[in-house]
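As structure tokens, the structure follows; a few thoughts come after it.
Just so you know, ligand 1 is whichever comes first in the structure, and atom 1 is the first atom listed for that ligand. Everything numeric in this text was worked out from a predicted model, so none of it was measured. Just the heavy atoms: all of them, side chains too, but no hydrogens, waters or symmetry mates, feed the values below.
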Amino acid sequence: MNTAPTRPRLLIARAIFPEVIDRLTPFFDVDSNQADDVLSATQMATRLVDKQGLLCTASDVIDAPLLAQCHALRICANMAVGFGNLDLAALSARGVVATHTPGVLSDTTADFGFALLMAAARRTGEAERCVREGRWHKWSYDFMAGQDVHGSTLGILGMGRIGQGVARRGAHGFGMRVIYHNRNRLDAAGEASIPARFVDMDTLLRESDHLVLTVAHSAATHHVIDAQALARMKRTATLVNIARGGVVDEDALIEALCNGVIAAAALDVFENEPAVHPALVSLPNVVLTPHMASASRATRLRMAHLAADNLLAYFQTGRALTPVPPLSPSLPA
Ligand code: DGY
């Protein structure tokens, strides 16, 4: 009779780096979706029903109806720092540990946030389309004139690792004055090292020339940038969202961009991604990218390894390395 202990069963919900799967296969019975099909809720339930472990991505929804069918599940390792795709209350009620990938993607994501800020402020997307489409015919004094970045005021909503990375790039590279709003204020040394000044939400909206959103999406931050918030911003301001689509009321933003309430926006995340609101696609003053802020090869590999490390640590020691933090309290007003 074979008395070898059975290995935990693991579902890898989307394609990931083969070398990371190779690290996992000695320890798990792995069912991996290397075809990279986007699994429907039914397909996910069918494949997860007998699994103890799950490695998933930010586009996989792990909610109460799914968990109700997956009684064996012990750990859900999200290959993302954000975890709005996970129903944390339902996971916790079933004793399923949830982990994410903080730290390893901060600089890559901050780099991209800054690239979007530059693109929106200096109209590079619009300008590039103009050249490619043969619409560049002459020099004019105000042709493609945008907003300066150097020496302007950079606002950051959500001052975690990514927000601080964007802030440092602005302050040190472009001589920007940095203001921020966050549920927790940085300590004095943290503020001085950027340097950044903590302000209330109203001041952030009114004084930012460029406002970058890096705040986690939660019930408290859903549509925190709505019509009222946009109306308090400068007409020359740009808005960059590298957080989650739900932080911005997209309908209100479309109105604001159409009516000159703010000058421009750059969005890496959307309310119903990968679907993008058709009105956004037709607006010239918005830069649109496909949720790719963490997408350097090296960083995506680090994210996949950290998700794997969490699975290995959990099944070998009973403790995950980077569990998601407890549910966030609301932002202060
Ligand atoms: C994250 O890690 O949260 C990024 O948005 C990639 O999904």
How long is the gap from SG on C130 to NE2 on H137, to the nearest 0.5 Å? 7.5 Å
Identity and distance of the protein heavy atom lying nearest [atom]:
atom	result
atom 3 (O) of ligand 1	R244 NH2, 2.7 Å
atom 1 (C) of ligand 1	V81 N, 3.4 Å
atom 4 (C) of ligand 1	H291 NE2, 3.6 Å

Passes salt bridge (charged side-chain N to carboxylate O under 4.0 Å, His left out), K234 versus D209? Steps please. CA-CA 7 Å; K234 297 182 183 181; D209 293 310; 2.8 Å; yes
Once the angle between the rings of H217 and H222 is folded into 0 to 90°, is it parallel (under 30°), tilted (30 to 60°) or perpendicular (over 60°)? tilted
Quick check: does A243 get an N/O under 3.5 Å from an N/O on ligand 1?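 Between A243 and ligand 1 (N or O atoms, distance only) the closest approach is not under 3.5 Å.
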If we ignore angles and hydrogens, is there a donor and acceptor under 3.5 Å between the side chains of Q164 and Y180? no
Indicate whether any N or O donor in one side chain lies under 3.5 Å from an N or O acceptor in the other, for D111 and T108.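 Note: D111 and T108 side chains miss the donor-acceptor criterion.
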With atoms numbered from 1 as shown, which atoms in ligand 1 lie under 4.0 angstrom from a non-hydrogen atom of [X]?
X	result
L105	2 (O)
S294	6 (C)
A58	7 (O)

Ligand 1-proximal atoms of A80, by part, heavy-atom distance under 4.0 Å: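 Within the 4.0 Å criterion, A80 contacts ligand 1 through backbone and side-chain atoms alike.
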For R135, I'd like to know if atom CZ has over 12 heavy atoms of other residues, nucleotides or ligands within 6.0 Å.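 Yes, because the 6.0 Å sphere around CZ of R135 holds more than 12 heavy atoms from other groups.
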